[in-house]
Each structure stands twice: as structure tokens, then as C-alpha cells.
Amino acid sequence: MRWRHAVFAGLILALTPIAAATEEAGISVRDAWVRETPPGMAMTAGYMVLQNKTSRPQVLVAASSSGFETVMIHRTVVKQGMTGMEHAPQIELLPNASLLFGPGGYHLMLLNPKRTLRAGDRVDIALEFRGGLVLPVACEVRK
Amino acid sequence: MIAAVALAAMLAGAWLAATYRENSSRAILLPDQVMTLFPAPRPLAAFAFTDHENRVFDLSRLKGKWSFLFFGYTHCPDICPTTLATLARAHENIAKSTAGAKDVQFVFISVDPNRDTVGKLGQYVTYFDTSFLGVTGDDAQLGKLAAQLGAAYLVAITPGMENYPVYHTAAVFLVDPRARYHAVFAPPLDAEGISRRFEVLRELEGPKAT
């Protein structure tokens with residue numbers, strides 16, 4: 001059910017015209033946001049829609065941020081009726097396709113923020129693709 | 001008539017809970033994929049947790065109110081904050097309904113008491129909604145309630161690993177004011193999907209659930 005939902009959401013988003021896209025070498029990112037951290041918590045998640053506008057697969061291999069000590073690519077999975085997270089060492093973006101990083105699916109796990117983040121703040125994240133391309137992404141902090 | 005209502009709901013493009021009234025008195029809740037209702041709600045057996053204000057949270061605390069229960073842990077960047085934010089919006093919706101939210105409570109049950117002290121739990125849950133309760137207990141007590149609800153969890157404490165993995169059922173369980181397991185909401189959850197169905201259920205159950 002969760003995955004069907006994620007796929008539908010991905011399809012709908014893929015059909016939506018791109019607004020305010022950060023563009024570089026045929027890969028764009030939109031609707032990038034980071035969840036505000038509850039008090040005392042040293043972790044949160046980042047979400048976005050990635051679009052590969054090239055005719056070749058693109059492989060996301062790493063992410064980093066000046067605002068967090070550690071950034072990991074994670075995926076929320078359901079196993080034996082239990083929800084958990086697993087590390088995704090790399091994610092392949094299919095040619096001319098979109099990939100949703102959204103609640104309950106792929107997300108960037110952001111650990112140990114360097115300052116307290118409040119809704120409205122901005123977090124800079126760098127996505128690194130195979131071949132050396134680094135895509136800067138400006139994320140809005142939302143509650 | 002039931003078929004007609006179901007068809008209308010499908011034509012509307014959504015699996016909305018809908019009421020059907022027979023002779024202006026009896027109403028039913030149409031089954032759907034969001035909420036599973038138990039025709040014979042199961043009375044829950046005793047368990048004992050501690051809430052975020054250091055009070056005992058046991059079976060008696062589930063009586064007299066509808067309780068939405070969610071198992072999770074605070075070191076959870078994705079599904080727990082997503083669910084708690086959804087439940088906070090569902091609570092807002094219920095509070096705006098005619099019957100209000102006085103007979104409703106939301107309880108976050110931490111399956112990770114090793115890291116989730118009562119102080120931390122309080123800070124965490126009240127960030128989402130000041131009325132939310134955070135509770136936890138030892139593994140035996142957590143297991144007692146989880147087993148009755150069909151919930152599962154696994155805390156993979158690993159020596160030397162600060163962010164050890166935790167797995168847990170992501171459904172939201174609804175316990176009625178007689179402390180009976182009455183319904184379960186399956187993920188992916190949305191606030192309106194929960195509040196709309198709950199309001200119908202509460203109206204249907206009325207005094208017999210309390």
C-alpha cells in the first residue's frame with residue numbers, strides 16, 4: 001500500500017510542470033524541504049523531487065550538507081509488518097524519470113545539525129552523482 | 001441503497017467513510033482500505049507504562065476516552081514525525097467537529113525506553129501537539145500491549161552504535177472508551193482520512209462505547 005502510494009505520488013509529480021527548478025546537467029530538483037527538528041532531537045529528514053531529464057541513467061551516490069554533521073541516503077521500508085529504515089548506498093535515476101524523496105519512502109537522513117533549525121530557515125544540501133557531478137540544493141525548513 | 005452509497009463514494013474518486021441511515025435511525029460505516037473496524041471490539045488486558053509526566057499509564061487511563069495509539073521512538077527522522085504531525089492535524093479536525101475532542105486522547109508509545117526517557121518524551125510529543133501524551137515501559141509491558149493490538153517492534157541495540165535501528169508497526173490503533181481495541185488505521189495515513197472516519201464511528205457508537 002505504502003509503495004503503491006509512493007509510485008502514484010511520483011507519477012503525479014512527474015506530470016506537474018516544473019517550478020523553480022535548480023538545473024544542472026539535466027538533473028533538476030524541486031520542492032526540497034527539511035523537517036524542523038523537535039526540541040532536543042539531533043536528527044531529521046530531507047525530502048525533494050529529483051528529475052533526470054537526460055536520456056541516460058544517473059546515479060546518486062552521496063549527499064552532504066554544511067548544516068549537518070552527517071547526511072545519509074535512507075529509505076523507509078516495511079518488513080514483516082514493521083517499518084524501519086535502511087541505508088541506500090546509491091539510487092539510480094532512470095532516464096527521463098522523476099524520483100520522489102518523500103515521507104515514508106526515500107529520504108535524506110540528516111544527523112547532528114550545527115544550529116537549531118526553525119521553519120522558514122534554509123538548509124544547503126549537495127547531491128553527488130556518479131561521474132563527479134555535484135548538485136547544490138536549497139531546502140526550506142518546514143514544520 | 002448501500003451499493004448506491006458505495007458507488008457514489010467511488011465515483012467521487014475517493015474511499016471516504018460514509019454513513020447510511022435506515023429509517024433515519026440506524027447508520028453504518030462503509031468498509032474501506034484506510035480503517036479496519038472490528039465488529040466485536042476486543043477488551044484489552046492490563047499493562048503498565050509511565051507517561052511523560054511520570055504518572056502511571058495503565059489500562060484505567062484508556063477508559064472514558066477514545067485513544068489513538070502509535071508505537072514509535074524519538075530517534076526516528078521520517079515515519080514518526082510524519083505520523084505525529086498527521087495525528088496533530090487529525091486532532092485539530094476532531095476538535096472543530098460538533099462533538100469536539102474532549103473525549104479523545106493521542107498516545108505515543110515509545111518502544112525505545114533506553115533512549116526515550118520520560119523527560120525527552122514529553123519535550124518530543126508536546127512539540128507536535130501540547131495535548132499529546134508520551135508513554136513508555138519495559139519490554140515486558142510494551143510487549144503485553146503490542147501483542148494485544150497485533151503490533152510488532154524490534155529494537156536492535158548495538159554496542160557502540162549510537163543510532164541503532166528500530167523497527168515498529170506504523171499503524172495507528174484506536175481504542176474505545178471501554179478500553180476495547182476497536183479499529184486500526186493503516187498507513188499511509190492522512191489527517192482527514194482519520195478524523196472523518198473517527199467522527200462517523202464515534203457518532204455511530206455513541207453512548208454504547210462509553
Side-chain angles (χ1 to χ4, degrees), chain A residues 1-10 12 33-47 63 65 68-88 100-113 116-119 141-143, chain B residues 15 32-34 36 70-86 88-89 108 111 115-117 119-129 132 134 146 149-156 162-172 184-190 193:
Chain A
M1 192 57 209
R2 174 189 306 285
W3 292 117
R4 201 181 306 155
H5 179 78
V7 169
F8 278 135
I12 292 161
W33 65 284
V34 165
R35 189 185 294 282
E36 184 184 275
T37 43
M41 295 314 301
M43 61 169 61
T44 188
Y47 306 106
S65 171
F68 289 84
E69 216 168 83
T70 311
V71 181
M72 288 171 89
I73 303 164
H74 272 208
R75 183 182 197 178
T76 292
V77 292
V78 182
K79 280 180 183 168
Q80 294 167 342
M82 292 185 284
T83 298
M85 288 188 311
E86 63 183 29
H87 176 52
L100 172 70
F101 272 64
Y106 282 116
H107 58 273
L108 295 176
M109 178 155 104
L110 308 165
L111 275 173
N112 302 327
T116 307
L117 296 173
R118 287 287 155 255
V141 178
R142 296 184 196 162
K143 191 159 176 176
Chain B
W15 286 96
D32 64 21
Q33 296 172 42
V34 175
T36 303
F70 177 67
F71 291 86
Y73 65 113
T74 69
H75 287 69
C76 170
D78 182 39
I79 208 77
C80 303
T82 300
T83 305
L84 289 171
T86 300
R89 285 197 304 276
F108 175 77
V111 298
R115 286 182 295 191
D116 293 343
T117 57
K120 275 189 191 165
L121 263 178
Q123 237 189 348
Y124 184 74
V125 296
T126 55
Y127 161 80
F128 294 95
D129 185 313
F132 280 9
L149 299 169
Y153 64 92
L154 176 68
V155 184
E162 197 189 333
N163 288 306
Y164 51 81
V166 175
Y167 303 86
H168 57 96
T169 301
V172 168
V184 58
F185 295 92
L189 303 163
D190 79 282

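So you know, we letter chains A, B, ... as the sequences are listed, proteins then strands, and number each from 1.
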At a 4.5 Å cut-off on heavy atoms, which part of [X] comes close to chain A: side chain, backbone, both, or neither?
{"X": "Leu154(B)", "result": "both"}
{"X": "Ala152(B)", "result": "both"}
{"X": "Pro81(B)", "result": "both"}

Using heavy-atom distances under 4.5 Å, tell me whether [X] contacts chain B through its side chain, its backbone, both, or neither.
{"X": "Glu36(A)", "result": "both"}
{"X": "Leu110(A)", "result": "neither"}
{"X": "Met41(A)", "result": "side chain"}

(request) Just give me the residue among Pro38(A), Ala42(A), Gly40(A), Ala45(A) that pairs up with chain B most often, heavy atom to heavy atom, under 4.5 Å. (result) Pro38(A)
(request) Decide if the gap between the ring center of His168(B) and the ring center of Tyr73(B) is smaller than 6.0 angstrom. (result) yes
Looking only at atom types and distance, does a side-chain atom of [X] sit under 3.5 Å from a main-chain N or O of [Y], one as donor and one as acceptor?
{"X": "Thr44(A)", "Y": "Arg35(A)", "answer": "yes"}
{"X": "Arg118(A)", "Y": "Val141(A)", "answer": "no"}
{"X": "Asp116(B)", "Y": "Leu121(B)", "answer": "no"}

(request) Mind checking ring pair (Phe, Tyr, Trp, His ring centres under 6.0 Å) for Tyr47(A) and listing every partner two or more places apart, or none if nothing turns up? (result) Trp33(A)
(message) Can you list everything that forms a ring pair (Phe, Tyr, Trp, His ring centres under 6.0 Å) with Tyr124(B)? Sequence neighbours excluded, please.
(response) Phe108(B), Phe128(B)
(message) I need the residue from Thr74(B), Thr126(B), Thr82(B) with the largest number of non-hydrogen atom pairs under 4.5 Å to chain A.
(response) Thr82(B)
